[in-house]
Every structure is written in C-alpha cells, then in structure tokens.
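Here the structure comes first, spelled out in structure tokens, and everything after it is commentary.
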Amino acid sequence: MATLSGQDAISLWRKGRSEWATALSRHSIRTIDFSDCDFDQALEDEDETGPIEFVGYSFSGKSVIFSGAKFGGRSLNFSRATFAGGSLTFRDASINASAVLFVDAHFRDTKIDFYNATFAGGDTDFTGTRFERCLVDFSHAHFGEGGACFDNVRFEGGRLDFLDARFAGGDVSFQYATFGGPTHFENLRGLSNLSLLTFEGASFEKLFTFTSRERIGCPLDLRRTKPSHHIVLNDVSCDFVTEARQNFLGKLGVPPIAQDREDSQRFRRLKELALANRNHSKVLDFHVQEIRSRRSHETKWWQDVAQFFYWLLGDYGRSVGRPVVAMVATLSVFAAIFWWLRSPLNDVAVKQRDFWTALTYSGSNMLSFIPNGRTAKTQGEEVLFGASTPDLILALGAIESILAIVMLFMLGLGLRNLFRV
C-alpha cells in the first residue's frame, strides 16, 4: 500500500509513535493523506481528551497531506517532528486549535504548503524549527489573535513566501531567525491589529521584500538585523502602541505617548534603512515617528512644549501650508494690535490712518531684513504713532520679527523637504 489515508491514517496515528514508524516502514507508505479529516471529532468518538500530538513523529520520505482537515479547540503539536524528502500540505485546512506547535521540528528538502490555511485559535509556534532547502508557502494564510512565533527559526536555502497573509492581532515574531533564501512578505493584511512585529536580530542572506497595503499598528522592528541586500520600505507605514493616559498636549492634537520606550529605537533603525535607500520621504516619516515616540520617555516637559509648536507650525517640517497660514494670522493679529494702540490724531491726514497702514507696518516688522521693509517701518511708525514710538510698540514689533523668523524657517524647511530629491 503506497497511500495511507482517511480513517486508516487516523487509527494508525492513535496507536502511537512506535507503531506508526513500524507500519510506515513495513508497508512502504509514500503518501499520508489526512485530507478533510476531523481530528477533534475522531477523538471525541473514543472519549479521548488532550492535545492532538505528532510529537517526535518521523515523516521522512513521505508526502503528508492535511488539506481541508479540521482541528478543533485542542492544541496541535508537531514539536520535534521530522520531515525530509517529501512534502507537507495544510492547504485550506481549518485549524481552530488553542495552540499550533512546530517547536524544534526539522524539515529538509521538503515543500511545505500552508496556502489559505486558517490558524483561528491561539498561538502558532515554530520556535527553533529548522528548514533545509525547503519551499515554505504561507500565502493567503490566516493567523488568529494569538499571533505567530518564528523565533530562532532557520530557513537554510529554499524560499519563504508570506504573500497576502492575514493577521488578526497578537504578536508576530521572527527574532534572531536566519533567512538563507529569498524571503517575501508582500501585501500583508491585518497588520493594524498587531501589538508586535519584529525581526530583531534576524539575518537575511538573500533578497528580503516587505510590503503592506495598510498602516502597521506597531513599529516594524528591524534592529540588529544583518541584510545582504537593500531592504525596500517604500510601502511601509507604522504607528506605535499608545498609552491610555493623555496630557494637555495630547488633548490639543499632539500624538499620545508611546507605550514602549524602545519604539524610538525601532523607528531610528527604519530611518537608517530608508536613508541607505535614498528614500527621503520615508526618512522624514520615520524621523517624525521617532520624535513622537520619544515624547515623555526621553524628553523633558519644556522639550514637549517645543515639539508641540514644531508640530503646530509645520507638522515637523512636512507642511508648507501651516507656516503660510501662521504668517498670515500673525500679520493680521499684530496689525489689529497696532491699530488699536495707535496714537490720537495729530497733524497727519485722516485718510492716511486706515487699517491698511497697520497691516503695512505689521508686515514691515516681519520683513525688516528687506530694505523696503525698513522704509515701510519708519513711515508706518510716523503715521500710526507720531514722532515718538512707544516702547510697548517697539517690544511688540521685536516679538513679531522673532515669530516671523521662526515661521520663515518652517516654510523653508517644508519647501526643502517637499522638493528634495
């Protein structure tokens, strides 16, 4: 018999690892087919409780098929299982188990197909699993709120695809993983629900691509990674997980405080990678997120106030419209003040004492570094305040000039970032 399938496969599996190995060897079985099997129901029929375990089972030289199989609320455990020379297929499987464990499993020269598989229960754990020259496909797979852990996984050669994979929440971790072949994380979905997405300490020996159609709900952690190629982050946008509390700056619209003080380091690493790729728009975006995530963790209250005005007047150097609006508002407000504080009528003609004169005088304070500005300033003082300008007016003019310098700087910064190539 070359194929073991259906109820025969389940019955042999339930006899234990020793009987399993003996039967596979004795009958020269090449394919093990659990397609459409309901494991939870099979155990319930025999009044058995406990996890669905393949711990330490050897599938070397076999093609193992779990397509369309159903796993209920029990945990599914393939820890220390061995797959070599065959294939493992979970295509379209429905895995509602409380946990799916492939901890320290070993795959070699194997095609592993989790295409459109659903991990709807708890954690999915591949910690320490070793893949040698394997094609591993998680395309269109669905991961539940328990997230997925691939810490210390070794992909030695082969290929890894996470194309259009979907996540419902939790943590997704590839810490200190080794990617020896081409690795593709493209068009990922549900990332806005994640609380952690980390490749910290991972090693990329071949091409690594990462794209997402939506904003990630946490910083993409690429700290201490070792890439052999440029990491392209054109489509990557990240937020940080925030604390519930808000201070007065938060109530005014400034982003809230980052929950994790290390988020600023994660954004700093993303900024470094974007800078290496000469992607200035992403450099600016990640720099802004770095500033925001540092708030209250690495800054003092007075620095928070300065950052508030940096955001208010120029959106951290990304806006041209905000400083222009601020300049127009400053011009109008100070013109109204100067008009209100003007001196009583003297021998100057009444027609020269209109509000336009106050606007011109306010503008001359903002552009006092221009020769015509100085002339307009002198004439405006004479018309509005006579021969002697009050000290209060001079002080207000100095304040307006300082504010104008700040807003002109923000305007120049916005134009520079807008047209930078």
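What you see below is based on every heavy atom in this structure, not just the backbone, and it leaves out hydrogens, waters and symmetry mates.
- Minimum heavy-atom separation, S264 to R261: OG-O, 3.5 Å.
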With salt bridge (charged side-chain N to carboxylate O under 4.0 Å, His left out) as the test, would you mind laying out the steps for K377 and E381 before giving the verdict?
CA-CA 6 Å; K377 180 179 177 67; E381 287 177 348; 3.7 Å; yes
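- The side-chain heavy atoms of P219 and Q289, taken from C-beta on, include no pair separated by under 4.5 Å.
- Remark: side-chain polar atoms of T330 are paired, donor with acceptor, to backbone N or O of A326 under 3.5 angstrom.
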Could you walk me through whether F150 and F138 pass the ring-ring contact (aromatic ring centres under 6.0 Å, His included) test, one step at a time?
CA-CA 13 Å; F150 291 83; F138 282 93; 5.7 Å; yes
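- Here D235 does not pair with R213 in a salt bridge; the nearest charged N to carboxylate O distance is not below 4.0 Å.
- The main-chain N or O of G190 is never found under 3.5 Å from a side-chain atom of S192 such that the two would form a donor-acceptor pair.
- In this structure, the side chains of F334 and I399 come closer than 4.5 Å at one or more pairs of heavy atoms.
- A distance-only check finds no donor-acceptor pair linking the side chain of S362 to the backbone of L359 [under 3.5 Å].
- Ring-plane geometry between F240 and F267 is classed as perpendicular, the angle between the planes exceeding 60 degrees on a 0 to 90 degree scale with a lower cut at 30.
- Within the 4.5 Å cutoff, the side chain of T183 has no heavy atoms near those of the K206 side chain.
- In this structure, W339 and F355 have perpendicular ring planes: the angle between them is above 60°, well past the 30° mark.
- By the 4.5 Å heavy-atom criterion applied to side chains, E214 and S212 are counted as neighbours.
- Across V236 and I216, no two heavy atoms sit closer than the pair CG1-CD1, 4.0 Å.
- Atom CG of residue L284 and atom CG of residue L413 lie 8.0 Å apart, to the nearest 0.5 angstrom.
- A donor-acceptor contact shorter than 3.5 Å links the side chain of R215 to the backbone of C238.
- Within the 4.5 Å cutoff, side-chain heavy atoms of W311 are placed close to those of R322.
- With rounding to the nearest 0.5 Å, the separation of CZ in F78 from OG1 in T129 is 11.5 Å.
- Between L392 atom CG and L396 atom CG the span is 4.5 Å, to the nearest 0.5 Å.
- Judged as a ring-ring contact (aromatic ring centres under 6.0 Å, His included), and not counting sequence neighbours, the contacts of F131 are F107, F155.
- If you run ring-ring contact (aromatic ring centres under 6.0 Å, His included) between F119 and each of F102, F114, F90, only F114 comes through.
- Between D260 and V241, every side-chain heavy-atom pair lies at or beyond the 4.5 Å cut-off.
- No side-chain N or O of R268 forms a donor-acceptor pair with one of Q265 less than 3.5 Å apart.
- Side-chain atoms of D263 never come within 3.5 Å of backbone atoms of A258 as a donor-acceptor pair (strictly under, hydrogens ignored).
- For the pair N365 and S401, the minimum side-chain heavy-atom distance is below 4.5 Å.
- A side-chain donor from one of H184 and T209 sits under 3.5 Å from a side-chain acceptor of the other.
- Taking CG of D315 as the start and OH of Y310 as the end, the distance is 9.5 Å to the nearest 0.5 Å.
- E205 places no side-chain N or O within 3.5 Å of a backbone atom of S228 that could act as its donor or acceptor partner.
- Nearest heavy-atom pair, Y316 versus R292, reported as atom, atom and distance to 0.1 Å: CE1-NE, 3.6 Å.
- Counting only N and O atoms by type, the side chains of T299 and Q307 include no donor and acceptor under 3.5 Å apart.
- The closest donor-acceptor contact from the side chain of D221 to the backbone of R223 lies under 3.5 Å.
- Here salt bridge (Lys or Arg N to Asp or Glu O under 4.0 Å) pairs that include residues 128-144, with residues two or more places apart or in two chains, are D109-R133, R130-E132, R130-E156.
- Smallest separation of non-hydrogen atoms from I65 and S35: CG2-OG, 3.2 Å.
- Two residues are said to be in side-chain contact when any heavy atoms from C-beta on lie closer than 4.5 Å; L270 and K282 fail this criterion.
- For D125 and T127, the side-chain atoms include at least one donor-acceptor pair closer than 3.5 Å.
- In terms of heavy-atom proximity, T242 sits nearest to Q259 at O-NE2, 3.8 Å.
- With rounding to the nearest 0.5 Å, the separation of NE2 in H106 from SG in C134 is 7.5 Å.
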For residues 165-182, run the donor-acceptor check on the side chains, cut-off 3.5 Å, and write out each pair with its distance to 0.1 Å, sequence neighbours left out.
from : atom 1 : to   : atom 2 : distance (Å)
D171 : OD1    : S195 : OG     : 2.6
S173 : OG     : D151 : OD1    : 2.4
Q175 : NE2    : E200 : OE1    : 3.1

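- Remark: the T225 side chain and the R269 side chain contain an N/O donor-acceptor pair separated by less than 3.5 Å.
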